[in-house]
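Read through the structure below, which is laid out as structure tokens, and then see the notes.
Predicted, not measured: the structure shown is a model, and the values here were computed from it. Remember, it's 1-based here, ligands and their atoms both numbered in the order they're listed. In what follows, every heavy atom counts, from backbone to side chain, and hydrogens, waters and symmetry copies are set aside.
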Amino acid sequence: MKDKQIEKLLKAEAGRQKKVVNLIASENYVSKDVLTALGSVLVNKYAEGYPGKRYYGGNQITDQVEELCRSRALKLFKLSSKKWAVNVQPLSGSPANLAVYLALVPQGGKIMGMALDQGGHLTHGHKVSVTGKVWQQVPYGVDSKTEQLDYEAIKKLAQKEKPNIIVAGFTAYPRIIDFKKFREIADGCGALLMVDMAHIAGLVAAGVHPSPFLYADIVTTTTHKTLRGPRAGLIFSRIDERELDKKIDRAAFPGLQGGPHLNQIAATAVALAEAMKPEFKKYAKQVVKNAKVLAKELQKKGWRIVSGGTDNHLLLVDVVASTGGRLAGKEASLLLEKEGIIVNKNTIPFDARSPFDPSGLRLGTAPETTRGKTEKDMVKIAEKIDKILSRH
Ligand code: DSN
């Protein structure tokens, strides 16, 4: 590179990534092909609009890239193009969710989403996000004893509040989501059902988490977590007389975004094809096995795991309860980072502490599994975490 300053920083980051044990539940390591597509000449092209309907000339090839990405997205999740549409232009998960609300929820309408401190996401209607300013959030949470979704309580709340849309899908929920129950709840109050499968998309693609597509009206996702693609977002919607897909397309562009990032769309297409391979199924299975072992090993050493374990790629450690208040999430994450283990501090359900210094840690196994780590490595990682945090 001619730019030596940036080159040095890129090298330093590559070195950092190689050196650490990465347990960030929302990260992963992409393939060389994904990086090649991201860094390609497509970055030079403006393509406002959709394939066949662009506002700029010279889009014959980019049209093919976007169409290929769309068809791969449908194929990966076993969807018929007669029944489902997909928009591949969202720059990431937040704009994907925002485009859905913009398209389908009137201003001031109600978004029923999981509260942030219980495992939801800012864009599920939290008040600091635009989704909680333009619309009203009806927050739901988990049961205080099981720390798992209480579908009866969610149903009662939905019937009382009559939200326009119910969002299922979370950033810090370690259990299987029962999408059928969410469908029944949405039908019972006349709400749309949107599933945000950002965290579990790779697990769904590989069949190790139930698919939301049988039940949801809309499914959004990022592509860079368990799906192991570039940073991007996708919006799937059912094709029927409600014209959800057309409304969503108009909301994404021109409602919200300008020109799509075709280099990102090409990289997404590469990742979607990679996720169709048998190796990816094996990978996703291993991600879940690794998370279960990591949770079990930590439990054996006395660490309280929220909800008693995990069914997916992530687990939440209740640091405060496990250390009798000696440590909390922030300090624990800093101590681990000093020793080369990267995690994120996280609230746990009913957390009495602030999100800046919450009670918990969120650990995920997707990135280290990409690097070939298996159960035996998880045993060692659990030992190391225990050793570091018990010293203090
Ligand atoms: N920020 C992501 C996560 O870490 O879960 C969600 O968008």
- Message: Aromatic contact between Phe280 and Tyr283, with the criterion being ring centroids under 6.0 Å apart: yes or no?
- Response: yes
- So, Glu383 and Lys380, do they make that salt bridge, N to O below 4.0 Å? no
- Query: In terms of atom number and element, which parts of ligand 1 are under 4.0 angstrom from non-hydrogen atoms of Thr171?
  - Reply: 5 (O), 6 (C)
- Query: Looking only at protein heavy atoms, which one is nearest to atom 2 (C) of ligand 1, and how far off is it?
  - Reply: Lys225 CE, 3.9 Å
- Item | Taking atom 1 (N) of ligand 1 as the reference point, the nearest protein heavy atom with its distance | His121 NE2, 4.6 Å
- When Lys225, His199, Arg362 are each screened for side chain to side chain donor-acceptor pair (under 3.5 Å) with Ser26, the one that passes is Arg362
- Taking side chain as C-beta onward, heavy atoms only, is Glu66 less than 4.5 Å from Tyr50? yes
- Message: Any nitrogen or oxygen of Arg362, side chain or backbone, less than 3.5 Å from one on ligand 1?
- Response: yes
- State, to 0.1 Å, how close Ser94 and Thr123 come at their nearest heavy-atom pair, and which atoms those are. OG-CG2, 3.4 Å
- Sub-4.0 Å atoms of ligand 1 with respect to non-hydrogen atoms of His199: 3 (C), 5 (O)
- Heavy-atom distance from atom 4 (O) of ligand 1 to the protein below 4.0 Å? yes
